[in-house]
2 protein chains.
Amino acid sequence: MHGEFFLILRKSSNYFAPYRFPHLTRTTMIDKSKVTLKDIAKELGISVSTASRALKAHPDIAKETVRAVKELAEKYQYVPNSLAISFRKKKTFNIGLVVPEIVHHFFSNIISGAIATANQSGYNVMVSQSNDVLQDEKAAVNAMLHSGVDGLLISISNETVLGEHIQELMHAGKPVVQMDKVTDHLKTPQVIVDDFDGAYQAVQHLIQNGYRKIAHFRGRPIVKNANQRYFGYLQALKDAGITPEKDWVKHCVQINEAEGYRFAKELLEGPNPPDAFFCITDLVALGVLRYLKEQKIEVPGEVGLMGFSNWKLAEISSPALSTVDQHGYEIGVRATQMLLDSLAGASISSDAITEIKTNLVIRESSGRKKVQQQTQEALVGNN
Amino acid sequence: MHGEFFLILRKSSNYFAPYRFPHLTRTTMIDKSKVTLKDIAKELGISVSTASRALKAHPDIAKETVRAVKELAEKYQYVPNSLAISFRKKKTFNIGLVVPEIVHHFFSNIISGAIATANQSGYNVMVSQSNDVLQDEKAAVNAMLHSGVDGLLISISNETVLGEHIQELMHAGKPVVQMDKVTDHLKTPQVIVDDFDGAYQAVQHLIQNGYRKIAHFRGRPIVKNANQRYFGYLQALKDAGITPEKDWVKHCVQINEAEGYRFAKELLEGPNPPDAFFCITDLVALGVLRYLKEQKIEVPGEVGLMGFSNWKLAEISSPALSTVDQHGYEIGVRATQMLLDSLAGASISSDAITEIKTNLVIRESSGRKKVQQQTQEALVGNN
DNA sequence: CTGTTAGCGCTTTCAC
DNA sequence: GTGAAAGCGCTAACAG
C-alpha cells in the first residue's frame, strides 16, 4: 500500500545537452579533451611512433625528445585512448565477476575483496549475478565474454552443473577461477571455504563445552558446501566417540529463520530432544534461538547453539550467536590474485585448490553446558 | 589466533598453459575462435563491407547475400569483436558504479538493481568502492574514466565535497547520475531517498501509537541524509503539537549498536526519560533494544522503537523491529534507467531529482503504548 | 635515434 | 547491390 513513488523534476540547464546535437559533437564539444598522439607528434614535427615511444621512455629515444613529448603531453593533458589500446592489445584490463546473489553478506564480501585486489593492479571488475538461475548465469557470462573481459571469477549457481557457457569462455582463452560454489566439471583453479573443517571445529567446540546430543540442520544435498559441513559434523561426533542420531539431522528446504524454528520445535517437542544445534547458517540458528527463547530454555546452559557464516545478525543477537567465519573477503582476494597471476603469464595448475580456513567465532550461545548429576561424565576436554 | 590459511595444490594438466607459449598463441590456439568478417567475406568471395552490412540486414543488400553471410556466420560461430566495435564507435556499453561500501545492505541493493537494469539493456556494470575515503573514490572514478565507461552512477563518499574528479569525467562527455549520497555541487540528476518523509512517517507512527516523548539518535550533520531524517522527526513532532526536547536528540559518532545502547542507557537512567526512540539506523535501534531488554522494559508497551533501513536484522530481532524501508534496489533501477536514457540520447535535466518514497515497515517494536490513567489523553489518531 | 609502414576488426562514405 | 578505400588511435616490426 506504500508502494508508489513520486518524482520531482526541476528544469533548467541541460547537462546532457551535447547528446542532442550529435552533429556538433565532433567538432565543438568532446574533442577538446581528446588530444591524440598524432596531435602532439605533429606539433613537435616528429612521427607518431616516436611520440609513442617517447611517452614510455623507450631507451632508444633521445632524452631531449622524451622531455619535449612528455612536456607537451602534460600541457595538453594527453590521456591515451584506452579503447584503442584495448583493441590493439586485445586486452581490456577488465575482469568479470559473477555470483549468485549480490545482496548477501558472504558474497558481497567476496566482491569487495576481489575489487580491492583487482583495482590495486589496475584492473576493473565487471559484476553480475545469476540469482541462482542457470539462464541468468549464462546471460551474464556471455555478456562478459562479449564485452571482452580478460578473465572471470565465478561462484556458480545452484542450477549449474556442467557449465558449458563457462567452458566456452575458457576456450576463448580467458582464464577462469571458481570461488566457493564450484563444480569439478570445470577444469579451473578453485578458491573455497574449508566447510568440512569449519563444521568440524564448530561441533567439536560444542562437544568440548559439554554438549553431546547435537542436532544438525543441514542444506540441500546437491550443494557441495552443505555436504561438506554435514561430513564435518559427522566426523567431529565420530572423533568424540558419539554415535550420530539420524533423527537429529534435518534437511532445510529454505535456508531461513522459519526453518530453524520449525525443526527446533519438532525435535524439542519430540521424544528424544537434543541438547545442542549446529545449523547450516546463522539465519537458521536464529530461528532455533527464537524457539528456545519462547520456551524459556536457557541458552547456553541447557542448550548450546552454533551457526555458520558470521553475519552481522549473529553478532547482535542475544545471546550473541557463536558461529563460523568464512572469510569471504579473503576468498575474493585470493581468487583475484590467482586470476591476475595467470593473466600476467603465470602458469597455474588447472586444479589448484585453495582452501580458506574458517574461523571459530565463539560468542555466547555455545557456552558451557550446565552440569547435572547424572551427566557429569559428559565433560570431555576442557574449555 | 585462527588467522592462518592453508593451501593445497594438486598438480596435473595446465589449463593456463597457452599463456606460457606466446609464440604459439597466435597461430595455434586462440585464433580458432576468432573468425572475423574478413574471413567470412573471403570465403564467400565478397567484400568485408558487404559482409558487414549483410549481417545487420542492411536494406541495400540482396536477400540472397544476407542469407549466405548469416549462414556462414552461424556455421563459424562468428562473434563480432567487441573491442573493435568499442574502438570504432567510442562506446563500450559499460557503465561505472561507485559506492562507499559494497558490504552494506542498502548499497548492495542499489548495486543489484543497477546491474539488473543495465544488463537488460546490454550494458555491463563496473563496480568499485570508495570506503568513504576521498582518495579511493578519486582512484576509482579515474580508473573508470580511463577504462572507458560510457557513464557513471555514484554515491559519493563522506569526504567528497566538490567532486572535481567527477566533474572531470563529465567534461569528458560522460553522463553521471548521483544516488543517495549526493552533492549539489555536481550538476547531475539525483536519485535519492525521501529521508525527510521516511522519518516523518516513522515518528508520526510512534505518535499515533501513543508515544509522545520521542528521542532521536541521529547521524552526523555533514551528512545530508542524517539532517533530512532529523528534520522529518522535528516536523512530525511539530505537526502533532509536541515540543521537541533538545536533550532527547543525540548525535551518533559511530553508527553502530553500541552507540544505541549507550545513549539509551544515558537517557533512560536520566531525570527525564523518553518513552520512544527513533534511530538513524536499525543497528542503533538494536542497541537501544538490547538495553531495554536488559532492563526488562516492555517493548512495545512501555517504550516504542523505530529503526531506519530495514536490514535483515530488523526482521528477526525480537521483538521484531519496526523500521523504514529505503528501496535500495529501486534506487539502483531508477538511477540506471536515467543514465541509460541519457546514453540513448535523451536529454535529461541536470537537476532532475527523483525522490524514492520510503516504506513504513511496521512490525512489533512500535506497537501501541500501554495506556495509563493519567496519560489517556495521549491517544492521538487511531491504529 | 627516428621515420615508414602495416595492421588490429570494424564501420562508413563514396563510387560504380 | 556491392566494392574500394579510408580511418578510428595506437603499437611494433623493419629499415634506415
Side-chain angles (χ1 to χ4, degrees), chain A residues 22-23 25-27 30-31 33-70 72-73 76-93 146-148 172-173, chain B residues 22-23 25-27 30-31 33-70 72-73 76-93 146-148 172-173:
Chain A
H23 58 291
T25 296
R26 185 165 298 253
T27 46
I30 294 193
D31 272 21
S33 57
K34 294 219 168 176
V35 187
T36 73
L37 271 188
K38 198 162 147 191
D39 297 329
I40 86 148
K42 200 191 298 174
E43 178 152 347
L44 254 36
I46 61 176
S47 77
V48 179
S49 49
T50 303
S52 168
R53 280 174 292 210
L55 272 183
K56 26 186 82 69
H58 188 106
D60 277 0
I61 304 294
K63 297 227 163 110
E64 178 52 24
T65 314
V66 170
R67 200 197 48 69
V69 171
K70 287 198 168 168
L72 207 59
Y76 287 154
Q77 305 221 65
Y78 167 76
V79 25
N81 179 329
S82 57
L83 268 50
I85 295 178
S86 289
F87 173 52
R88 190 62 238 274
K89 297 229 175 135
K90 295 170 178 10
K91 185 156 171 32
T92 56
F93 285 94
H146 292 158
S147 93
Chain B
H23 58 291
T25 297
R26 184 166 295 254
T27 45
I30 295 191
D31 272 23
S33 56
K34 295 219 168 175
V35 187
T36 73
L37 271 187
K38 199 163 148 190
D39 297 331
I40 86 148
K42 198 190 300 174
E43 178 151 348
L44 254 37
I46 61 176
S47 76
V48 178
S49 47
T50 304
S52 169
R53 281 175 289 214
L55 270 184
K56 27 186 79 69
H58 187 107
D60 277 1
I61 304 296
K63 297 229 164 109
E64 177 53 22
T65 314
V66 170
R67 200 199 45 69
V69 170
K70 287 199 169 169
L72 207 58
Y76 288 155
Q77 305 220 64
Y78 167 75
V79 24
N81 179 330
S82 58
L83 268 50
I85 294 178
S86 290
F87 173 52
R88 190 62 235 277
K89 297 226 174 138
K90 294 169 181 7
K91 188 158 170 29
T92 56
F93 285 94
H146 291 156
S147 94

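Letters A, B, ... are given to chains in the order of the sequence lines, protein chains preceding strands, and every chain is numbered from 1. Quantities reported herein were computed from a predicted structural model and do not represent experimental measurements.
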Any residue of residues 57-65 of chain B with a heavy atom less than 4.0 Å from an atom of DNA chain D: B:Asp60, B:Ile61, B:Ala62, B:Thr65
Partner residues of B:Ser147 under the side-chain contact (heavy atoms from CB on, under 4.5 Å) criterion, sequence neighbours left out: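 Only A:Asn94, A:Asn124, B:Met126, B:Val149 meet the side-chain contact (heavy atoms from CB on, under 4.5 Å) criterion with B:Ser147.
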Pairwise 5' ranking along DNA chain D for A:Lys38 and B:Gly45, keeping only the more 5' one: B:Gly45
Length of the line joining B:Arg67:CZ and D:dT2:P, which is rounded to integer Å: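 My rounded result for the distance is 13 Å.
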Nucleotide D:dG7, atom P - distance to CZ of A:Arg88 in whole Å: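 Atom CZ in A:Arg88 sits about 18 Å away from atom P in D:dG7.
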Contacts of type side chain to side chain donor-acceptor pair (under 3.5 Å), residue B:Thr92, not counting sequence neighbours: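 B:Asp150.
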The helix from C:dC1-D:dG16 to C:dC16-D:dG1: angle between end helix axes, five pairs per end, rounded to 10 degrees: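 The end-segment axes of the helix from C:dC1-D:dG16 to C:dC16-D:dG1 are tilted 50° relative to each other.
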Sugar-phosphate, base or nothing in reach of A:Ser49, heavy atoms under 4.0 Å: base
Sugar-phosphate, base or nothing in reach of B:Ile46, heavy atoms under 4.0 Å: sugar-phosphate
List, with names and distances, any nitrogen or oxygen atoms from the protein found under 3.5 Å away from nitrogen or oxygen atoms belonging to nucleotides 14-16 of chain C.
none

Tabulate below the donor-acceptor pairs under 3.5 Å that side-chain atoms of residues 42-51 of chain A make, not counting sequence neighbours, or state none.
residue, atom, partner, partner atom, Å
A:Glu43, OE1, A:Tyr76, OH, 2.7
A:Glu43, OE2, A:Tyr76, OH, 3.1
A:Ser47, OG, A:Ser49, OG, 3.1
A:Ser47, OG, A:Thr50, N, 3.2
A:Ser47, OG, A:Thr50, OG1, 3.0
A:Ser49, OG, A:Arg53, NH2, 3.3

Any residue meeting ring-ring contact (aromatic ring centres under 6.0 Å, His included) with A:Tyr78, in chain and number order, not counting sequence neighbours: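 In terms of ring-ring contact (aromatic ring centres under 6.0 Å, His included), with neighbours along the sequence ignored, A:Tyr78 is linked to no residue.
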